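Written below as structure tokens is the structure these notes are about.
Quick caveat: nothing in here was measured; it's all calculated off a predicted structure. In what follows, chains carry the letters A, B, and so on, assigned in the order in which the sequence lines appear, proteins first and then strands, with residues in each chain numbered from 1.
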2 protein chains.
Amino acid sequence: MNIENTQSQMRKGILEFCILSVIRRGEAYPSDIVEEMKMANLQILEGTLYPLLTRLKNADMLTYRWVESNSGPPRKYFSLTEKGDAFYKELQQTWMELSNGVNAVTKTKENN
Amino acid sequence: MNIENTQSQMRKGILEFCILSVIRRGEAYPSDIVEEMKMANLQILEGTLYPLLTRLKNADMLTYRWVESNSGPPRKYFSLTEKGDAFYKELQQTWMELSNGVNAVTKTKENN
DNA sequence: ATTTGGTACTTGGCAACACATAGTACCAAA
DNA sequence: TTTGGTACTATGTGTTGCCAAGTACCAAAT
């Protein structure tokens, strides 16, 4: 029961939302995503990102196309499917409700 | 990959924070906690709450005392230990950072 | 031509936790 | 003494973040 562990627990399910959000703004390949997340102070590791993208693709939320790179191997560029877009909107709603709920329970005079 | 599942995934680690917050405002027994959570639109089930309280107690974050009830069996009233209070403050910081991060990544013009 | 280093992706396994389910125990009123 | 409600316990399952090891491709240096 340490903070590092709790931090990764808190990430569960939320990363999915963030990643869909990044891809939703335009085709992206894994390193793009890591970069955008880092800019928002949300680190995500490759060992987390790759399996997550695979899950989302298998669930028909994402598609990808191979794009040649001039500095290394080809890259998978991901984009949202219609289903993925619909799912994203549900996640958005879910996050808002959760976030409001947590703030309601914890942000009370006595706790500040 | 459905919404119900994602909702419970998103709860991971966050419930811990919420529950400590409720108890921090004053001794509470499980049903009190469920009630306060429900008021904030955060449902928590008994099968989740009890093991969580046990974990927190085993980690020295909580203590409890038995209190007689005039309508049923005695109740465990929980309160925070010093360690629990320190931990709560860390969780508070963690939640703020995570929450800000998620909003930064997802709340962009293109996504509204 | 072979080595080296970087980039991109894959795979298998582990630990933590929300949740479901079934069960135990206690109490009070019918 | 049965019934129904309340309080708590114990066990098992599925999902997921993360780690670690591995594969593969490319380009510049040796």
Candidate nucleotides D:dG17, C:dC17, D:dC18, ranked by approach to the side chain of A:P51 - the nearest: D:dC18
N/O (side chain, B:T48) to phosphate O (OP1/OP2, C:dA18) under 4.0 Å: no
Test applied, side-chain contact (heavy atoms from CB on, under 4.5 Å); reference residue, B:L20; option that passes from B:L52, B:L80, B:L15: B:L80
Touch class at under 4.0 angstrom, heavy-atom based, for B:S69 against every strand present: nothing
Sugar-phosphate, base or nothing in reach of B:T54, heavy atoms under 4.0 Å: nothing
Given DNA chain D, 5'-ward residue of the pair A:L45 and A:S71, judged by closest heavy atom: A:L45
Length of the line joining A:Q7:CD and C:dC17:P, which is rounded to integer Å: 13 Å
Nucleotide opposite C:dA29 in a Watson-Crick or G-U pair, distances under 3.5 Å: D:dT2
Euclidean distance, atom CG of residue B:L56 to atom C1' of C:dA16 [Å, nearest integer]: 13 Å
Interatomic distance where CG belongs to B:L15 and C1' belongs to C:dC17 [whole Å]: 9 Å
Side-chain (B:K57) to main-chain (B:F78) donor-acceptor, under 3.5 angstrom: no
Integer-rounded Å distance: D:dG14 C1' and B:M10 CE: 18 Å
Presence of B:N5 side-chain N/O under 4.0 Å of C:dA18 phosphate oxygens OP1/OP2: no
Atom CE of A:M39: over 12 foreign heavy atoms under 6.0 Å: no
Phosphate-side-chain proximity, B:K12 and C:dC19, N/O vs OP1/OP2 below 4.0 Å: no
Atom pair distance, as rounded to whole Å: CG in B:L53 and P in D:dC8: 9 Å
Pairing nucleotide - C:dC19, Watson-Crick or G-U, each distance under 3.5 Å: D:dG12
Length of the line joining A:I19:CD1 and D:dG17:C1', which is rounded to integer Å: 11 Å
Side-chain (B:T106) to main-chain (A:S21) donor-acceptor, under 3.5 angstrom: no
Integer-rounded Å distance: C:dA18 P and B:I3 CD1: 18 Å
Touch class at under 4.0 angstrom, heavy-atom based, for B:E16 against every strand present: sugar-phosphate
Closest to side chain of A:P73, choosing from D:dC18, C:dA18, C:dG6: C:dG6
B:P30 side-chain proximity, nearest of D:dT16, C:dT7, D:dC8: D:dC8
OP1 or OP2 of C:dC17 under 4.0 Å from side-chain N/O of B:R11: no
Under 3.5 Å donor-acceptor, B:T81 side chain and B:D60 backbone: yes
Rounded distance (Å) that lies between atom P of C:dA18 and atom CG of B:L52: 5 Å
Sugar-phosphate only, base, or nothing, as touched by A:I44 at under 4.0 Å among non-hydrogen atoms: nothing
Under-4.0 Å side-chain N/O to phosphate OP1/OP2 contact, B:Y50 with D:dT9: no
Selection from C:dA20, C:dC9, D:dT6 that lies nearest to any side-chain heavy atom of A:Y29: C:dC9
A:M96 backbone acceptor or donor facing A:N100 side chain under 3.5 Å: yes
Proximal nucleotide (of C:dT11, D:dG17, C:dA8) relative to the A:R75 side chain: C:dA8
Any A:R55 side-chain nitrogen or oxygen under 4.0 Å from OP1 or OP2 of C:dT11: no
